[in-house]
Amino acid sequence: METFLEQLPIVVGSLNVGFLQTLKLFVVTLLGSLPLGLIIALGSMTKFKPIQILTKSVVWVIRGTPLMIQLLIIYYMPGLAFNNHFWGSGEDGRFLAAAVAFIFNYACYLSEIYRGGLQGIPVGQDEAGVVLGMTKSQIFFKVKLLQMIKRIVPPVSNEIITLVKDTALARMIALQEIIWAGEAFLKGSHGIAGAIWPLFFAALYYLVFTGVLTVLLGKLEKKLDFFKI
Amino acid sequence: MLRVENVEKYFGRTKVLEDISFELKQGEVLAIIGSSGSGKTTLLRCINLLEQPTKGKIYIYDELLLDAELPKAKFDKDIRKKHLHFGLVFQNFNLFPQYTAKKNVMLAVELLAKERPDYKANKDKILKEIEEEAEQLLIKMNLQDRIDHYPHQLSGGQQQRVAIARALALHPDILCFDEPTSALDPELTGEVLKVIRDLADENMTMIIVTHEMSFARDVADRIIFMDEGRIIEEGPAKKLINNPQTDRLKDFLTRVEV
């Protein structure tokens, strides 16, 4: 018991540092993938065939391969194939590579949710806008966007919760997120070796974090309850 | 003021409109009747530029609005301006669910006002005028106590009256109705028909696609009866309903019971 109490502050301190990295990756991925997903969705819905085929192919490849391998390819490819150490060797470079992989991956999944949300809006909304002399972009931003957001909050919430836990994959390229920090104690970090319990503690961080997100996303859903579709 | 010349429309290989020609005078109310699938809604949608006819020309005030033979791009250039000649009230209302009744009426007018050269200088004044007019229109539609309600808080009849106010807010030359009461319970159709009747009394130029035969007879000046994509009979409203000339119209009228 005594050793546990001695070890606890060290473990928590280390997990906090890892969690900060997890949080950072989570926030950056969301900020990048939420808008990028919309652009990809519009690309896959355009009538201009080349763009449509290109975006659909990208979505197919990204959704059709494991995120873990995408991470490895994005991080190691420049060095291996072009002998260009694009990402550098520091933690910052690894973070950037992870962020790029996560943003692209999540944007592709989100784009399909956006597409469903947009296509579910009755064509009468478009037509009402057209006969009222609105431009295409006015119809999109003033009429359809909020209706789409209302439709997609539940499935996007699901993706967001999944993202929290997917960030753990970033340790494949040695990004020192929270699982990395917890695992380190198995291997003798800070003079603590063979301790598996820090990993369970890491799970608690995830649980609390997703709990907070669930409440926030529920609030957003409530907020959009002022109208019905 | 409106002239439709030899309009023809195919969906794939199916002919839905065949050689449709008619004219509409300022202040006239025209009803289009016919069974489902007779092409009356498609005709209205062609006039409102929601469908592109396969053949034919449409003029408004002697200005060429659409010529199906010429490349589409030539007409798309100022298509927004052309849309503003018409107001269209849909069968399913198509109100914007995230806006209140008043905002539904104001939205398009506000967006258009932003393009005015004096918008920046007189922004507050312009917006206030738009808001006041929207309120006036809703009051005219008997919706004075529903101005700040959202569409889902309104009955079908109230929603349709908001939709009429929304169309009127842009001061269209011709107001079109696509079966405006078909989605309503019988007890709610009366309130919608009443506001259309009031508009007719104010000499609003209107085209009404409808299933309400007695309404068409009483309110319209002229009626067009369509069947299988063609105009079968056309004439003064009362005469056409009370004294049909063709077997098809006689047949139709006995089926729908005026």
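Protein chains get the first letters and strands the later ones, always in sequence-line order, with residue 1 at the start of each.
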Can you tell me how far OH of Tyr99(B) sits from CZ of Phe227(A), rounded to the nearest 0.5 angstrom? 9.5 Å
Go through the atoms of Lys114(B) and report whether side chain, backbone, both or neither lie under 4.5 Å from a heavy atom of chain A. side chain
I'd like to know which of Leu170(B), Asn92(B), Leu95(B), Leu111(B) tops the heavy-atom pair count under 4.5 Å against chain A. Leu111(B)
Interchain contact, His152(B) with chain A, by part (heavy-atom threshold 4.5 Å): side chain
Using non-hydrogen atoms only, which part of Arg45(B) is less than 4.5 Å away from chain A: side chain, backbone, both, or neither? side chain
Smallest heavy-atom separation, Lys142(A) atom then Gln98(B) atom, equals O-NE2, 3.4 Å
Give the interface residues of residues 121-134 of chain A toward chain B, defined by a heavy-atom separation under 4.5 Å. Gly124(A), Gln125(A), Glu127(A), Ala128(A), Gly129(A), Val130(A), Val131(A), Leu132(A), Gly133(A), Met134(A)
Within a reach of under 6.0 Å around NZ of Lys57(B), are more than 12 heavy atoms found that belong to other residues, nucleotides or ligands? no
Is atom CZ of Phe104(A) surrounded by more than 12 heavy atoms (other residues, nucleotides or ligands) closer than 6.0 Å? no
Among Leu224(A), Thr135(A), Leu146(A), single out the residue with the greatest number of heavy-atom pairs under 4.5 Å to chain B. Thr135(A)
For Tyr119(B), look at atom OH and say whether over 12 heavy atoms of other residues, nucleotides or ligands are found less than 6.0 Å away. yes
Side chain proximity check, Lys228(A) to Pro97(B), heavy atoms < 4.5 angstrom: no
So, taking the atom named CZ in Arg80(B) and the one named NZ in Lys136(A), what distance separates them when rounded to the nearest 0.5 Å? 13.0 Å
Counting only non-hydrogen atoms closer than 4.5 Å, does Tyr150(B) touch chain A with its backbone (N, CA, C, O), its side chain (CB onward), both, or neither? side chain
Proximity breakdown for Glu115(B) and chain A, heavy-atom pairs closer than 4.5 Å: side chain
